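Here's the structure, in structure tokens; my notes come after.
Note that this is a predicted model, so its numbers are computed, not measured. We name chains A, B, ... by the order of the sequence lines, and we start the count at 1 in each one.
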Number of protein chains: 2
Amino acid sequence: MADPLSRVFSALADPTRRDMVARLAAADATVNELAEPYDVTVQAVSKHLKVLEDAGLVSRSRDAQRRPVHLEAEVFDLMTKWIERYRRQAEARYQRLDAVLEELKNRPTDRAGRAARADGDDADKGAAS
Amino acid sequence: MADPLSRVFSALADPTRRDMVARLAAADATVNELAEPYDVTVQAVSKHLKVLEDAGLVSRSRDAQRRPVHLEAEVFDLMTKWIERYRRQAEARYQRLDAVLEELKNRPTDRAGRAARADGDDADKGAAS
DNA sequence: CTCGTATTCAACTCATCGGTTGACAAGACC
DNA sequence: GGTCTTGTCAACCGATGAGTTGAATACGAG
């Protein structure tokens, strides 16, 4: 799964990982500190951190044998941008719903869907698996 | 995987699904229309739609044997709220980084991480797997 | 050098995911 | 009533994910 957006979304699709991010938003922490509240092994948490790190959500520095984990908030922008784009688009479409209905009335032989098309903006194309 | 947030994130973790959402933002579409650009079977696309529907991102009405698919933009808010919350928190923390460093200087015997803690806001708690 | 602590690596299990093929249900069309 | 179209359901397959245990690495403290 190469693309960054997929990595970020799927990293946050796990409640444990989301909780870690929430805690890291408050303060940096070591692996052991992070692991403490959950009843899974430290190894499992280490794996979760690797996922978050691969997604760019988190970075680790080095302090003796400790590896403090730090939240990288910038990556959030990647998601918010994607989301906001299509949310706005969908909402705009909702706003002019009456206009669409109007156009459908004018061509009753045509099937739905087709009519409203053609203003399509096909970003993210070719990203299909 | 019960919780709604996980469902939404993981639904959007797939590029094909994300592309469908992008196209649905422009216009409603039938399953076959949606399937056309991808070189997978219609059944696969039907499955993808089920995932999106379970996440609440999409709804289907009935028009004879067709099932027009419609994007439900409201669910996006769930994500944006979550994201914005922790992004803001993390950025605020970044802003007052110098203050934190100051405090660390005052207690040089204490280990990092510990010091910055205790202002923690532990939302989403109990959501851990 | 040895010991304890913090973290990761390796190998394994089990469940879920994305995809397939094949059969089936529901309507429109003749 | 047949048949074509649209869509879903069921069973299966290979890959990946989240978890485990057990061993290895890296470093600081005696």
Side-chain angles (χ1 to χ4, degrees), chain A residues 1-3 6-21 28-55 58-70 108-114 127-129, chain B residues 1-3 6-21 24 28-55 58-70 109-114 127-129:
Chain A
M1 197 215 315
D3 75 294
S6 295
R7 276 198 292 264
V8 180
F9 275 121
S10 105
L12 293 180
D14 184 288
T16 306
R17 238 133 49 195
R18 234 162 31 234
D19 190 61
M20 291 193 213
V21 168
D28 293 2
T30 68
V31 177
N32 271 302
E33 286 168 349
L34 280 173
E36 192 231 324
Y38 319 115
D39 60 347
V40 297
T41 61
V42 184
Q43 289 95 315
V45 173
S46 183
K47 275 192 182 181
H48 278 308
L49 282 173
K50 183 156 175 38
V51 174
L52 289 173
E53 190 176 23
D54 288 350
V58 129
S59 69
R60 281 127 128 187
S61 43
R62 161 128 270 160
D63 166 28
Q65 69 276 101
R66 311 219 169 69
R67 310 284 321 269
V69 183
H70 176 75
T109 54
D110 197 354
R111 277 200 346 277
R114 276 272 166 262
S129 114
Chain B
M1 196 217 312
D3 73 296
S6 296
R7 275 199 294 265
V8 179
F9 275 121
S10 102
L12 293 180
D14 184 286
T16 307
R17 239 132 50 193
R18 232 157 38 230
D19 190 61
M20 292 193 214
V21 168
L24 286 169
D28 294 0
T30 68
V31 176
N32 271 300
E33 286 169 349
L34 280 173
E36 192 231 324
Y38 319 116
D39 61 346
V40 298
T41 60
V42 184
Q43 289 95 316
V45 173
S46 183
K47 276 192 182 180
H48 279 308
L49 282 173
K50 183 154 174 41
V51 174
L52 290 174
E53 190 176 23
D54 288 350
V58 129
S59 69
R60 280 128 129 189
S61 42
R62 164 129 268 162
D63 165 29
Q65 70 277 100
R66 313 222 166 67
R67 309 282 323 268
V69 183
H70 176 74
T109 54
D110 198 352
R111 278 199 344 279
R114 276 272 168 263
S129 119

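Here the P atom of nucleotide D:dG17 and the CG atom of A:Leu12 are 15 Å apart, to the nearest Å. In this structure, B:Lys47 places its NZ atom 22 Å from P of D:dT6, rounding to the nearest Å. When the P atom of D:dC9 is taken as reference, atom CG of B:Leu49 falls 12 Å away, rounded to whole Å. One can place CZ of A:Arg7 at 16 Å from C1' of D:dG17, the figure rounded to the nearest angstrom. Rounded to an integer number of Å, the gap from CG of A:Asp14 to P of C:dT16 is 14 Å. Separating the CG atom of A:Asp54 from the P atom of D:dA18 is a distance of 12 Å, rounded to the nearest angstrom. Rounding to whole angstrom units, CG of residue A:Asp63 and P of C:dT5 are separated by 17 Å. Residue A:Arg18 contributes atom CZ, which lies 15 Å from atom C1' of D:dA18 at whole-angstrom precision.
Each of B:Asp28, B:Asn32, B:Leu34 was compared with B:Thr30 under the side-chain contact (heavy atoms from CB on, under 4.5 Å) criterion, and only B:Asn32 meets it.
Each of C:dA11, C:dT8, C:dG19 was ranked by its minimum atom distance to the side chain of B:Thr16; first place goes to C:dG19. Listed nucleotides: D:dT20, C:dG18, C:dT8. Nearest to the side chain of A:Val40: D:dT20. Closest to the A:Ala44 side chain, of the nucleotides D:dG19, C:dT20, D:dG7, is D:dG19. Distances were taken from every side-chain heavy atom of B:Val31 (C-beta onward) to each of D:dA11, D:dT21, D:dT8; the shortest belongs to D:dT8. Side chain of B:Arg67, nearest nucleotide from D:dG7, C:dA6, D:dT20: D:dG7.
Taking CZ of A:Arg62 as the reference point, atom CZ of A:Arg67 lies at 5.0 Å (rounded to 0.5 Å). Between the OG atom of B:Ser59 and the CG atom of B:Leu49 there is a distance of 11.0 Å, given to the nearest 0.5 Å.
A 4.5 Å side-chain heavy-atom check between A:Met20 and A:Val45 finds at least one atom pair inside the cut-off. Contact annotation: the side chain of B:Val40 never approaches that of B:Lys47 to less than 4.5 Å [non-hydrogen atoms, C-beta and beyond].
Of all heavy-atom pairs spanning B:Ala55 and B:Arg7, the tightest one is CB-O, 3.7 Å.
In terms of phosphate contacts, B:Asn32 brings no side-chain nitrogen or oxygen within less than 4.0 Å of OP1 or OP2 of D:dT5. The shortest distance between the side-chain N/O atoms of B:His48 and the OP1/OP2 oxygens of C:dG19 is below 4.0 Å. For A:Arg66 and D:dA26, the shortest distance from a side-chain N or O to OP1 or OP2 is not below 4.0 Å. A sub-4.0 Å separation between OP1 or OP2 of D:dT8 and a side-chain N or O of B:Ser46 is present. In this structure, A:Thr41 reaches the D:dT20 phosphate: one of its side-chain N or O atoms is under 4.0 Å from OP1 or OP2.
As judged by a 4.0 angstrom heavy-atom cut-off over every strand, B:Arg62 is placed among residues making no nucleic acid contact.
Judged by closest nucleotide on DNA chain D, B:Val42 is the one of B:Val42 and A:Val51 placed further toward the 5' end.
Residue-to-nucleotide contacts include no donor-acceptor pair under 3.5 Å from the side chain of B:Gln43 to the base of C:dG18.
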